[in-house]
Amino acid sequence: MKSSAVFATLLFAVATYSADTLSASDDYYTAYSIETVAGEMPIRNVVVKRAGETFTSYSGFQFDCTTQKYIQTGFYSSPESALAELAETKAAGNYIYSSLSNSARMKACGLEPGLNVSDTNQPPNAS
């Protein structure tokens, strides 16, 4: 019985390592950019485009530039789908920003005009 527990633990560790490795390598060539900024102040909607090697998706953010509350949608195949989801939701009390949501908020609220969320991540050049 003890050997089966050790074997199960080992399998779990390998699966966890593999999942972490795949997710890190999948995100290596991913680029994020702001697709759309819409709405009247203080409520602004932002659609962020995620372009990876194998697919492109869109996620929506709705920011209240006065209270700093925001919501985020899931991932959609078009910017229109993300905006439609934002139209159906109300701002929640979310105050914790990731670097992506903070960059989108800065663009939406006019804190840094012309901000791009990120450029495509490229492997280092061997020069």
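- Using a 4.5 Å heavy-atom threshold, the side chains of T36 and N45 count as separate.
- The side-chain heavy atoms of Q72 and S59, taken from C-beta on, include a pair separated by under 4.5 Å.
- Heavy atoms only, all atoms of each residue included: Y70 and S101 are closest at OH-OG, 3.7 Å.
- Residues passing the side chain to side chain contact (heavy atoms under 4.5 Å, CB included) test with T66 are P42, D64, sequence neighbours excluded.
- Residues L86 and I71 have side chains in contact (heavy-atom distance under 4.5 Å, counting atoms from C-beta outward).
- Partners of S77 by side chain to side chain contact (heavy atoms under 4.5 Å, CB included), not counting sequence neighbours: none found.
- Cation-pi geometry between R105 and Y97 is met: the NZ or CZ atom falls under 6.0 Å from the ring centre, inside 45° of the normal.
- Residues satisfying the side-chain hydrogen bond (donor to acceptor under 3.5 Å, both in side chains) test with R44, not counting sequence neighbours, are none.
- To the nearest 0.5 Å, atom CD of residue Q62 and atom CD1 of residue I43 are 6.0 Å apart.
- Contact of the K107 side chain with the V46 side chain is not registered, since no non-hydrogen atoms from C-beta on lie closer than 4.5 Å.
- Taking every heavy atom of both residues into account, A104 and V48 meet most closely at CB-CG2, 4.2 Å.
- Not counting sequence neighbours, the partners of S81 by the side chain to side chain contact (heavy atoms under 4.5 Å, CB included) test are Y76, S78.
- Applying the ring pair (Phe, Tyr, Trp, His ring centres under 6.0 Å) rule to Y58 yields no partners; only residues at least two apart in sequence or on another chain are considered.
- By the side-chain hydrogen bond (donor to acceptor under 3.5 Å, both in side chains) test, T54 pairs with no residue at all, sequence neighbours left out.
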